[in-house]
Each structure stands twice: as C-alpha cells, then as structure tokens.
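A short write-up of the structure that comes next.
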Amino acid sequence: MDLKHRLLWETFGYTEFRPGQLKLIDAMLAGRDVLGVMPTGAGKSICYQMAGMLLRGVTLVISPLISLMQDQVTALQRAGISACFINSSQSAEERRDAIAAASAGRCKLIYIAPERLEMLRFHDVLHKLKISMVAVDEAHCISQWGHDFRPSYRRIPQFLESLPERPVISAFTATATAQVREDIIQSLHLHQPERLITSFDRPNLYYEVRRPYDRERQLLRFVQEHPGQCGIIYCLTRKKTEELAQYLCDNQISAAAYHAGLDAMTRRAVQRKFLSGEIPVITATNAFGMGINKADVRFVVHFGMPRNLESYYQEAGRAGRDGEPAHCLMLFDEADIGLHEYLIRQDPENPALTDEKVVWLKKQNLRRLEQMKRYVFTEQCLRQHILAYFGQDAPDFCGQCSNCESTSVEKDITTDAQKILSCVYRVKEQCDAEQLCDILRGEPDTGYASVSTFGIMRDTERAEILTEMHRLVGIGCLVRQENPSRLSLTAAAKPVLFENKRVTLRVRADISAQEQRLARESRASDNPQLSRELREFRKNIAKLRGKPAFSIFSDKILEKLVQKRPQTAEQLEHIAGTADLRGREKEKLLQMLRDH
DNA sequence: CGACGAACTTATATAAGTTCGTCGGTGCAATATT
C-alpha cells in the first residue's frame, strides 16, 4: 500500500479514493494550482487536507465559517493531524497559544477566515512560516459573497502577492456555474489549474415545484406525509421561520426555527437537536446549512422561491446525502418574484462599491433571478433544467421530477382569457390582478359594479383566475406595470379578443387532481373564508396579549367552529369552552359565525 | 412587493379605522475615553 492509501485509511477511514481525488492531490503535490468542483460528500476536504499533510510546509485553509473550522480541526486532531484555527471565537490566550504553535511549525494545517488576511499584524505571523499551499474552501463565496457581503474574499490575491514565495493555490466548492468557476480562477489568479468538475446530478433527489393555493396547508400536508422523517424548510425571512415552526408545532409536528437573529446558544442547541434527531424539522433562513452534515435529511422544502438557482441547488442538495431517496419541494408564489426583483433593484448599502460595479451586480443578479423564474415555470424536466444551469448535459426526461412524472394536460382557456382581457379593457387598465379578480368574481365594493364584465367569472376559483392571468402575462397578452401596479393590454391580446386565437394552459394531471381533492374537501368540511377570518381574529387577539395564536384557541377548535358553526353562546361554550376569550370577544366571534 | 407597526385620525371620550414609514438574508472582525 502506498503512502496516500495508507493515510486515507488511517486518518480518514476510507479504503478507496473517490474519482478524481488522486488526480487533484497529485497535482497539488506537484506544485500545480487546483480547482475542484465536487457536489456533496465527494470528499473535497480530503483533497486539500491530504495534500497539506504531505507538502513540506504549512497549508493555510481559508474557510468562511468559524463553526466549519472547528468541526474540521476537531476531526483532524482526533485523527492525529496537527491542525489548528485562529479566529475570534477564541480567548486572547487561546489565540496566542494557537499562533505560537503555528509559528513554531507545530501545525500542518491552519484554518482562518479571509478577513484575518487583511490584518497587517497577522502578516508578521504568517510571513515567518513556510506556506506551501493556500486552500480556499467553499470557494464560491468569492463570487457569491465577495462582491458586496464579504469583500475580503476578493482581496485574497493581495495577500498572496505579499508572500515571499508563491504557494500552491487550490480552490474547492460544491456549487459553481461555468461563470463562477471562471470568476474563481480569475480572482484567485490560479495558474492553469488542474480542474476537476464532477457531475452535479443527484439521482436520488426528486424535484418538485408547486404553486399552491394555500402554502401553509400544503406544507403541513407534505410534512404529515413524511412522518418521522428529518427535513429542512427554507423560508425567505426570519419571521416566516418562526411562524411556520409555531404552525407546525400547533399541528403536533416537532419543529424549531433557525436564523441568524437567534442568540448563539439557541442556534447551537437547535442545530444539535436537529443532528441528533430530537427535533426532526427545522424552519430556517439560508443561515442554516453550510457545515451541517446530516446524511439522512429526507426532504427540503422551499417555502418561497430563492433568489437564484445556485442557492436552490445548494439548499435542496442538503437532502439525501446518504444516497437514499429524498424529496425537494418548492412551494412558490408570484409575490416571491416581485420581492426579489425589488430587492435587487434597490441600491446596495455598500459605499465601497463603485457605481459601475453596482450596475454590473444588479444586472448579474437579475439575470440569475431570471433563470430561477424559468425553473419554477418550466414544463420541461426540472433535473435537466438544473443540470443545464451548471453547464451539464442531461436527457429531457428523468422520470424523477414532478414535471416528468406528471402527464401534463393541456387545457383550453380561451374563453376565460377573453373575459379577463376584456375586463382589463373595461376598467381602462387601471386595476391590479387582485382587483380584477374581485371584479370578475363580482365581489361587492369594487367600485366597478357597472362595467359589463362585472361578475362574469363568478363560478371560477380565485386562484384559477390568477393562474390564468399569470399565463396571459407569460404569453405577453398582458403586462404588469409598476407604481402603481396595474395590468395592461398589449398588441398580442388582440388576436385572442377578436380572432378567437386559442390560449392554453398546461395543468399537470396529478396536481390538478390534488387541487380538486383539496377544493372538494374544503367545500365539504370548511369554509375557507370563514377559517381565514377566524385565523385573523385569533391572531389579532394573540397579538394584543403578546401570546402565541394557539394559546387563544387551537386549530382543532377552529376547525370545529367552521364545521359546526355555533349560533348561541351555549353552543359556542360547548365547542370552544377552553378558548381563552373574553365576553366581548365571544360576542364578536358569534357575530362572525352568524354572518356566514 | 407586501406585511407589519407606529402614529395619527375619527366620531365621541375609548377603541376602531386610516395613513405613512420601515424592513426584509448570509459572517468575519473587534478593544480604549470619562
């Protein structure tokens, strides 16, 4: 057995190298720069760790997260490798010791954050060492975070140039498009690096996209369909993580929220409980993930569309690390798109960026958002779409995503389209989608009761009208104006209105069946409007008292109220006797129930 | 864009309705005057 295989077995516990690992390690040992793009546990860190051990001098590992450094260093030390980190989590004393150990050459691998490279005081320490290699872990941060969020990432080359001798430079990441790969190579000044780009395909992941009527409910259903399994639910805001954790708990699902606004102790506790399986479901912002190595995550739900496909791929990719089947579900809403667009157009609050750069960055981000949008709207294979984004060829049919699995059905919506378009015309293009919906459905108080299209879609579900409107925007018959937001007609609407040009909508057979079931159930068992009102009512009281909603009355009681609809104080007492309501509030509740 | 909270208004003396403004995600780093 050669040295490398022995090391692999003795320190890392593997008998075989994964494809490509040896090639990269040999390249580094031969003094060549390296770029490794290796999705999921393909053993990125083993590459630079082993090379670091075998190289003559010290290897400096640039890592984005303190927790990542701690995990890796602990693992290395346990395997008997002399490694250390230097960061702000240490006391002054610990840091001094670490620096002393490093200066004395007692550390083969030193982990630090890129910010530290900018501290001139620290240069003295580093310049005394013989640095054989600088390894940049999670190198996509250069592109993803480097521009506005953590600019130190882009100043790594300045540090490299300050070194008396140019070390080997290696960069590793799990997620990088061709463009990001080039960006990494350029910004780190890699010299003709040996590249290894392994496949981005994760065959055990099932991808699904849904645009549900009621996201919360779909989420609950989905989680209930995965009893006892571990999963992550990504949200766009901190607040949403808290709300959903509460909602799931109210429904007897053990869940906890995780975001950067929580204090360090809570964060650690939540993370620990998730890893141990004590809390199987985590609702989180994108703060959760990097460095979380849990192999048996069975599902990742995106409650809201992320701002680009890299983020999506990375987050969804936390499912099924063990290679067993896992489900990646995206529940999106059009409002998500508007929000991202708005935020990107907003000026970044970073004075260090030049105007030129700001313009470039916005354009870049909008382009990436565009790709994300295409993913949620495509009727093609989702897997193929993702792989194509990372520059990888794939068949048009994977059979392992919601688009492939469902036989999509084409529905003719020409008549509805004509009704909608003519309504837009009748209101002189002064209304937004919601208002148009109200008018078409003949809701009271729209102020447009006299137009001829008022109430002509009374029998169509609101969400269906919105979907159809969306389709009309999609095919260019309608455009969304900004400030105020209104829908207006384009020339493309004419053939539809006057020449009966066909408009179709692809509805997926299975989803629409599911939606029908949902709709049927909600008609039989409840009244969506009433339950919305009750929820609202409950939320307001809860807010007034500063208590969580379920403490006023549970969802179970809420459901019973909708079904039985008590009319008298006595009946109400029977159903909601345990509710935390005051006399006045009970009266109001009764009033609401009677009104329905 | 849209949700939410604070401040203000409203028709009458307390609570509801309205308008306006703010905010939304990610993490390293750290230390000196009365």
Side-chain angles (χ1 to χ4, degrees), chain A residues 62-70 85-92 95 111-122 136-138 140-156 159 175 215 234-243 257-262 264 267 283-292 302-308 310-312 314-315 332-350 365 369 373 432-434 480-487 536-537 539-544 546 582 584-585 587-588:
Chain A
I62 315 288
S63 169
L65 255 46
I66 287 175
S67 63
L68 232 52
M69 304 181 202
Q70 283 165 342
F85 55 75
I86 297 165
N87 63 43
S88 63
S89 74
Q90 297 162 301
S91 66
R95 192 150 50 214
Y111 284 73
I112 57 166
E115 282 80 2
R116 191 160 290 274
L117 294 178
E118 296 197 77
M119 296 172 55
L120 289 174
R121 200 149 50 119
F122 195 64
V136 182
D137 198 8
E138 308 290 348
H140 60 280
C141 292
I142 291 168
S143 232
Q144 187 181 308
W145 280 357
H147 294 288
D148 48 356
F149 184 52
R150 288 179 69 175
S152 297
Y153 259 103
R154 299 198 76 81
R155 301 197 198 107
I156 295 175
F159 163 77
T175 317
R215 273 204 274 199
Y234 280 104
C235 308
L236 298 179
T237 61
R238 294 175 177 184
K239 203 165 149 208
K240 201 78 207 171
T241 65
E242 308 265 2
E243 280 173 21
Y258 184 103
H259 56 74
L262 300 169
R267 285 178 72 167
T283 58
T285 61
N286 55 5
F288 191 71
M290 208 163 17
I292 299 209
H302 276 77
F303 196 91
M305 187 189 82
R307 62 193 297 208
N308 57 52
E310 278 109 315
S311 308
Y312 181 69
Q314 206 159 33
E315 288 160 6
F332 87 101
D333 186 280
E334 268 148 67
D336 304 339
I337 299 172
L339 172 68
H340 287 309
E341 263 165 13
Y342 177 80
L343 287 176
I344 290 171
R345 282 184 217 281
Q346 202 87 133
D347 275 318
E349 312 221 333
N350 188 339
N365 286 335
L369 177 65
K373 274 158 74 177
D432 65 19
E434 294 292 333
R480 264 177 227 288
Q481 307 289 342
E482 293 181 25
N483 294 323
S485 68
R486 296 173 274 109
L487 285 173
E536 190 68 16
F537 170 75
K539 196 164 87 187
N540 289 336
I541 296 176
K543 196 161 287 168
L544 226 59
R582 296 176 191 161
R584 228 208 166 90
E585 291 159 350
E587 271 168 46
K588 190 164 175 205

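From a predicted model like this one, the values you see are computed outputs, not experimental measurements. Hydrogens, waters and symmetry mates play no part in the numbers below; they use all other heavy atoms, side chains included. Quick note on labels: first sequence line is chain A, next is B, and so on, each numbered from 1.
- The side chain of A:Ala287 lies closest to B:dG27, out of B:dG27, B:dA29, B:dC4.
- Look at the P atom in both B:dT12 and B:dA16: the space between them is 15 Å, to the nearest Å.
- Across all strands shown, the partner of B:dT9 is B:dA16, judged by Watson-Crick or G-U wobble contacts whose two distances both fall under 3.5 Å.
- Here A:Lys373 pairs with A:Glu341 in a salt bridge; the nearest charged N to carboxylate O distance falls below 4.0 Å.
- Taking atom CG of residue A:Leu236 and atom C1' of nucleotide B:dA3, one finds them 13 Å apart after rounding to whole Å.
- Under a 4.0 Å N-O distance rule, the pair A:Asp148/A:Arg154 does not qualify as a salt bridge.
- When heavy atoms are screened at a 4.0 angstrom cut-off, A:Pro64 is found touching the sugar-phosphate backbone but no base atom.
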(request) Test side-chain hydrogen bond (donor to acceptor under 3.5 Å, both in side chains) on A:Ser152 and A:Glu118 and set out the steps. (result) CA-CA 7 Å; A:Ser152 297; A:Glu118 296 197 77; 2.4 Å; yes

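- Rounded to the nearest Å, the gap between the C1' atom of B:dC20 and that of B:dT14 is 23 Å.
- Side-chain contact between A:Lys588 and A:Glu585 is absent, with no heavy-atom pair separated by less than 4.5 Å.
- In this structure, CG of A:Leu343 is placed 14 Å from C1' of B:dT26, rounded to the nearest angstrom.
- Counting heavy atoms from C-beta outward, A:Ile62 and A:Ile112 have side chains that approach closer than 4.5 Å.
- Using a 4.0 Å heavy-atom cutoff across all strands shown, A:Met290 reaches no nucleic acid atom at all.
- For the P atom pair drawn from B:dT34 and B:dA29, the interatomic distance equals 30 Å after rounding to whole Å.
- Put simply, the side chain of A:Arg307 and the base of B:dG25 share a donor and an acceptor less than 3.5 Å apart.
- Contact annotation for A:Asn87: backbone-only contact, meaning every heavy-atom pair under 4.0 Å involves sugar-phosphate atoms and none involves a base.
- Mapped onto DNA chain B by nearest heavy atom, A:Thr285 and A:Lys239 fall at different nucleotides, with A:Lys239 at the one closer to the 5' end.
- A:His340 comes within 4.0 angstrom of no nucleic acid atom, judged by non-hydrogen atoms across all strands.
- Look at NZ on A:Lys240: it is 9 Å from P on B:dA3, rounded to the nearest Å.
- Comparing B:dA29, B:dA3, B:dG27 against the side chain of A:Ala260 picks out B:dG27 as the nearest.
- One atom, CD of A:Gln144, and another, C1' of B:dT26, lie 8 Å apart when rounded to the nearest Å.
- Under a 3.5 Å cut-off, the side chain of A:Asp336 and the backbone N or O of A:Met305 do form a donor-acceptor pair.
- The A:Tyr342 side chain lies nearest to B:dC23 when the options are B:dC23, B:dG27, B:dC4.
- Pairing partner, B:dG24: B:dC1, with both Watson-Crick or wobble hydrogen-bond distances short of 3.5 Å.
- A:Glu243 and A:Lys240 are joined by a salt bridge, as a carboxylate oxygen and a charged side-chain nitrogen come within less than 4.0 angstrom of each other.
- Atom-to-atom, CZ of A:Phe288 to P of B:dT26 comes out at 13 Å; the value is rounded to the nearest Å.
- Per the geometry, CZ belonging to A:Arg345 stands 10 Å off P belonging to B:dC1, to the nearest Å.
- Here the P atom of nucleotide B:dC28 and the CD1 atom of A:Ile112 are 13 Å apart, to the nearest Å.
- Comparing B:dA30, B:dG27, B:dA3 against the side chain of A:Ser88 picks out B:dA30 as the nearest.
- The separation of B:dA7 from B:dA11, taken at their P atoms, amounts to 23 Å, rounded to a whole angstrom.
- Side chain of A:Leu65, nearest nucleotide from B:dG24, B:dC28, B:dA30: B:dC28.
- Of all nucleotides listed (B:dG2, B:dC28, B:dG24), B:dC28 comes nearest to the side chain of A:Arg150.
- Atom pair A:Gln346:CD and B:dG21:C1' shows a separation of 13 Å (rounding to whole Å applied).
- Taking the C1' atoms as reference points, B:dA6 lies 32 Å from B:dG27, given to the whole Å.
- B:dG5 and B:dG25 have their P atoms separated by 14 Å, given to the nearest Å.
- A distance cut-off of 5.5 Å between ring centres, combined with a plane angle under 30°, places A:Phe149 in a stacking arrangement with the base of B:dT26.
- Under the Watson-Crick and G-U wobble criteria, each requiring two contacts below 3.5 Å, nucleotide B:dT31 is left unpaired.
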